[in-house]
Amino acid sequence: QVQVVESGGGLVQAGGSLSLSCVVSASGFTIETMGWYRQVPGTQRELVAAITRGGTPTIEDSVLGRFAIARDWVKNTVNLHMTSLKSEDTAVYYCSAEVRRYGGTDRVNYWGQGTQVTVSS
């Protein structure tokens, strides 16, 4: 059973900061890549930032230098620290966890329920 639970989000003024947190419960699975995606209504969900089990981060160009991703391998959490927020960062943010069953090779992606981030200009 895999559960992905997000917290954080809300309303913030442009230029402000906000942090999102995500905890993954995945008994019997290895958590591979954890990350954050975002989606604006009517558009495709896009990657914001991700970090592999080995610690390699990927940051989307439009948030590079403003957002940071941090993972705790013991607590199975991944946080997204967002600074210098812009109105175009407004979206629903989703936590993602790619897992692999112990001894298996197939990877499956699980999603959180999403949390709204609204940046007012």
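In this text the structure is predicted, and so the values were computed from the model without any measurement. All values below come from the heavy atoms of this structure, side chains included, with hydrogens, waters and symmetry mates left out.
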Residue pair Leu20, Arg38: steps toward the side chain to side chain contact (heavy atoms under 4.5 Å, CB included) verdict:
CA-CA 12 Å; Leu20 306 179; Arg38 64 187 180 187; over 6 Å; no
Of all heavy-atom pairs between Ser121 and Ser87, which one has the smallest distance, and what is that distance?
CB-CB, 4.4 Å
For the student: nearest non-hydrogen atoms of Gln116 and Thr90, plus distance
NE2-CG2, 3.9 Å
To the nearest 0.5 Å, what is the distance between OH (Tyr37) and CD (Glu46)?
10.5 Å
Treating Ile, Leu, Val, Met, Phe, Trp and Tyr as nodes and any side-chain heavy-atom pair under 4.5 angstrom as an edge, say whether Ile59 and Ile51 lie in one connected cluster.
yes
At what distance, to the nearest 0.5 angstrom, does CZ of Arg53 lie from CD of Glu32?
4.5 Å
Looking at every heavy atom in both Trp73 and Gly55, which two are closest together, and how far apart are they?
CZ2-CA, 3.7 Å
CD1 (Ile31) and CD (Glu98) are apart, to the nearest 0.5 Å, by 11.0 Å
Counting neighbours of CD on Gln113 that are heavy atoms of other residues, nucleotides or ligands and sit closer than 6.0 Å, is the number greater than 12?
yes
Side-chain heavy atoms nearer than 4.5 Å, only ILVMFWY residues, links allowed to pass through others: does that put Val2 and Tyr94 together?
no
Run the numbers on Ser120 and Leu11 for side chain to side chain contact (heavy atoms under 4.5 Å, CB included), then give the verdict.
CA-CA 7 Å; Ser120 63; Leu11 175 64; 4.3 Å; yes
Qualifying residue for side-chain contact (heavy atoms from CB on, under 4.5 Å) with Val4, from Val23, Val24, Val99, Asn109:
Val24
How long is the span from the CH2 atom in Trp36 to the CG atom in Leu47, to the nearest 0.5 Å?
12.5 Å
Looking only at heavy atoms, the pair that brings Ala91 and Gln39 closest together is CB-O, 3.6 Å
Membership question, hydrophobic clusters at under 4.5 Å side-chain separation (ILVMFWY): are Tyr110 and Tyr102 in the same one?
no
Pairwise distance CD(Glu88) to OG(Ser62) - rounded to 0.5 angstrom:
8.0 Å
Using the rule given for side chain to side chain contact (heavy atoms under 4.5 Å, CB included), can you reason through Met82 versus Asp89, listing the C-alpha separation, both sets of side-chain angles and the distance that settles it, and then say yes or no?
CA-CA 10 Å; Met82 304 181 290; Asp89 295 318; over 6 Å; no
Taking all atoms of both residues into account, what is the closest heavy-atom pair of Ala49 and Leu80, and its distance?
CB-CD1, 4.1 Å
Please report the interatomic distance CD(Gln3) to OG(Ser27), rounded to the nearest 0.5 Å.
11.0 Å
Least distance between heavy atoms, Ile69 atom then Met34 atom:
CD1-O, 4.1 Å
Among Val78, Asn76, Thr115, find the residue that satisfies the side-chain contact (heavy atoms from CB on, under 4.5 Å) test when tested with Cys22.
Val78
